[in-house]
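The next block holds one structure in the form of structure tokens; read it before the comments.
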Amino acid sequence: MSRHLSGSFLFLLAGLFALPFLAIALSAVATDWSDALLPRHIGLDVITSVLGDPRFQASVLRSLAISFTALALSLALIVPAIVAAHVYWPALDRWFARLVVLPYAVPAVVLVVGYLRVFSQPPVQINGTPTLLALAYVPLCFPMLYVNVKNALQGLAVRDWLDAGRLVGATDERVLLCVVLPMIAPAIGLACVLNLGILMGEFVYANLLVGGRFETLQIYMFAQRSESGSVTSVIILAYFLTLLLLTALAIWLSARGGTDKR
Amino acid sequence: MNSQSSPTPRNFLDIDRVTAAYGETQVLHGVSLDVSEGEMHVLLGPSGCGKTTLLRAISGLQPISGGTMTLGGTRIDDKAPDKRGLAMVFQHYALFPNMSVRGNLAFGLRGKGLSRPQIDERVERMLHTVDLTARADARPAALSGGQRQRVALARALVVEPRLLLLDEPLSALDAQIRKRLQLELKRLQRAAGLTAILVTHDQDEAMRLGDRITLMDAGHIAQTSTPAEIHARPANRFVARFFGEANILPADWFVPGLGGHAVVHPTALMPAPDASATVFTADVIDTEHLGALRRVNCRASGEEIRFDFLPASTPLDITPGTRIAFGVRGDAIHYVDG
Ligand SMILES: Nc1ncnc2c1ncn2[C@@H]1O[C@H](COP(=O)(O)OP(=O)(O)OP(=O)(O)O)[C@@H](O)[C@H]1O
Ligand SMILES: [Mg+2]
């Protein structure tokens with residue numbers, strides 16, 4: 001009985017959450033929706049026109065390029081550092097955990113103003129360039145990577161594996177690459193997906209650092225806010241579906257990581 | 001059951017006054033130990049006494065701060081771990097979870113100048129030896145505890161080490177399977193003529209497996225002897241205490257005026273048939289069943305006394321509060337200093 005009740009309650013809740021999404025979806029396909037509760041005509045022309053808009057496509061590509069560049073850089077920088085600290089310098093690890101959350105702890109505006117100052121003069125004069133945006137995104141990826149990779153490492157007998165390797169003449173690098181990396185790969189994948197979601201939706205940095213000079217998805221969306229409601233709805237819908245896909249990927253990855261461990 | 005084989009003239013493994021420390025804390029205080037070829041040498045001692053550290057020092061995973069070690073006549077303490085010709089089974093196995101059983105075995109053989117077929121051949125042979133051919137493609141996570149243990153053993157043996165180091169290899173298993181694997185391990189070691197050092201917490205395991213036993217105490221060697229010898233003639237009170245439940249009584253109960261202590265095993269006490277054979281009397285506190293044996297806990301002049309007898313062949317009517325007169329045969333008493 002109570003199971004039944006909680007079941008229907010969950011459904012109600014899900015419906016409630018889905019409502020705005022449905023409304024947006026509806027608005028995206030509505031061609032005439034002015035004086036009634038529901039639109040008179042529906043059609044896919046707005047969707048095709050937005051998706052076909054070269055400006056929209058270019059903004060998606062720019063966002064993807066920036067996100068993947070930042071992600072790749074942060075991976076190369078932080079994953080070896082996390083593993084090395086975990087295995088060789090456990091005493092430093094506490095400081096690592098504190099440092100790595102700084103991008104979350106310091107308000108974005110403060111950071112951005114700092115960046116603008118530093119990069120407005122030589123030796124590194126890159127203000128307003130996408131390079132600066134990509135670089136500014138790199139530390140944003142650290143916390144998610146740190147938490148996920150560290151969690152994965154915690155359950156692994158890395159020291160024992162290194163010892164077992166040393167006894168048969170395998171270098172630490174070989175053991176780290178052949179054993180440790182595959183074991184933490186699902187966690188890295190999960191962190192990447194989550195970071196991608198964050199970066200694709202990032203607006204404050206993009207707006208302040210590059211603005212209209214390098215139109216990312218979010219800046220494009222912002223610029224389109226005065227267009228018809230349908231156009232905005234389509235963009236939001238596309239963005240939302242992409243995030244949904246990424247989330248599904250993240251859940252799948254974390255489930256895989258869970259089964260691999262034991 | 002245990003062979004009383006005398007050590008060969010030249011020791012196979014010779015550890016001479018080895019010291020080791022973690023930072024400021026000295027953990028091994030000049031440990032000397034020798035192991036003969038084909039011997040199963042058991043290292044026993046309380047938790048934290050340095051057994052793992054000694055194994056790691058022998059393997060080269062733990063640097064030593066003094067002393068020398070030779071294996072088969074050559075110095076090894078200045079060699080890298082993989083150049084010492086030994087292998088180790090870790091307490092928690094340290095298997096590579098992302099590799100199959102076969103992959104785990106093959107890992108240590110790669111990069112040793114062996115061809116692919118040679119590696120495969122050795123891996124298959126070893127899988128057969130430990131009876132894991134059917135599970136060769138399974139990941140460690142899909143194996144039972146006992147099977148994982150055998151994989152760990154196989155991974156150590158497949159590199160054909162001259163010396164096998166085992167750090168509590170069976171401690172993670174339940175009693176039933178542990179007994180079976182003890183037997184298997186012993187057979188395998190005998191059949192292959194392996195020289196091995198096995199660390200354990202469990203004195204029964206030590207007695208059952210060891211050709212000789214070394215008992216460690218806080219970074220020192222307390223005694224090295226055969227199982228029978230270390231049980232019957234402990235070198236000091238620490239050793240006597242460690243091995244089971246021997247009674248450690250003031251020596252002058254047996255020899256008036258003698259200092260030190262007398263070690264008397266619970267089975268060595270005899271209810272005295274007449275007054276002339278009586279050494280002391282004790283009051284029964286309670287009795288317990290130890291399988292075929294009956295344990296009687298008593299007290300005499302402030303000392304706890306444990307007395308075991310076989311009710312099947314020696315029917316005795318003992319209840320709490322009874323007073324028993326005990327005698328002991330002179331050759332069943334072992335005296336220790338201190
Ligand atoms: N990495 C380390 N750093 C500092 N001290 C250590 C380290 N490893 C061990 N020790 C200390 O060295 C001593 C010996 O440790 P060791 O692991 O050799 O004991 P053990 O006899 O194997 O114990 P157990 O039976 O519990 O496995 C202990 O007091 C332990 O606290
Ligand atoms: Mg230990």
Side-chain angles (χ1 to χ4, degrees), chain A residues 79-80 82-84 86-94 148-192 252-262, chain B residues 23 52-53 55-63 76 79-100 103-114 119 139-143 145 148 151-153 155-161 163-165 167 172:
Chain A
V79 172
I82 297 168
V83 174
H86 178 83
V87 179
Y88 300 108
W89 295 287
L92 288 182
D93 219 19
R94 278 180 313 137
N148 279 287
V149 172
K150 185 71 188 171
N151 268 344
L153 283 172
Q154 223 103 51
L156 303 179
V158 180
R159 306 274 202 99
D160 282 353
W161 296 338
L162 290 175
D163 281 345
R166 284 170 197 155
L167 280 181
V168 293
T171 59
D172 284 14
E173 290 78 18
R174 186 173 156 217
V175 174
L176 288 172
L177 276 180
C178 297
V179 186
V180 179
L181 190 61
M183 292 305 288
I184 61 173
I188 296 178
L190 174 63
C192 284
W252 179 72
L253 276 173
S254 64
R256 232 191 62 179
T259 50
D260 262 15
K261 218 172 245 175
R262 273 273 94 198
Chain B
T52 297
T53 307
L55 277 203
R56 292 172 58 86
I58 297 170
S59 69
L61 295 172
Q62 163 74 34
I76 56 165
K79 287 188 181 167
D82 60 304
K83 300 287 185 284
R84 297 185 180 196
L86 41 77
M88 187 154 165
V89 175
F90 295 85
Q91 181 167 1
H92 301 289
Y93 312 151
L95 297 175
F96 302 135
N98 61 321
M99 298 180 193
S100 65
N104 268 278
L105 265 60
F107 184 87
L109 294 176
R110 301 210 185 96
K112 287 213 183 324
L114 293 169
I119 292 179
R139 297 276 171 96
L143 301 177
R148 267 178 235 174
V151 178
L153 187 62
R155 183 178 69 172
L157 291 179
V158 79
V159 301
E160 297 177 356
L163 174 68
L164 180 64
L165 306 171
D167 193 359

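Note that the coordinates shown come from a computational prediction; the quantities given were computed from them, not determined experimentally. Naming convention: chains lettered A, B, ... in sequence-line order (proteins, then strands); numbering from 1 in each chain.
- Among pairs with a residue in residues 152-164 of chain A, those fulfilling side-chain hydrogen bond (donor to acceptor under 3.5 Å, both in side chains) read A:D163-A:R166, A:D163-B:R56, at least two apart in sequence or across chains.
- Proximity to chain A (any heavy atom under 4.5 Å) is shown, for B:Y93, by neither the backbone nor the side chain.
- Here SG of A:C178 is found 9.0 Å from CZ of B:F96. Values are rounded to the nearest 0.5 Å.
- Remark: side-chain polar atoms of B:K112 are paired, donor with acceptor, to backbone N or O of A:V168 under 3.5 angstrom.
- Using a 4.5 Å cut-off between heavy atoms, B:L109 makes no contact with chain A at all.
- Judged as a side chain to side chain donor-acceptor pair (under 3.5 Å), and not counting sequence neighbours, the contacts of B:T53 are B:Y22.
- Smallest separation of non-hydrogen atoms from B:D82 and A:G169: CB-N, 3.2 Å.
- For B:R84, no part lies near chain A; criterion is any non-hydrogen pair under 4.5 Å.
- Using a 4.5 Å cut-off between heavy atoms, A:A170 touches chain B through its side chain atoms alone.
- In plain terms, the two heavy atoms of B:A94 and A:A164 that are nearest each other are O-CB, 4.5 Å.
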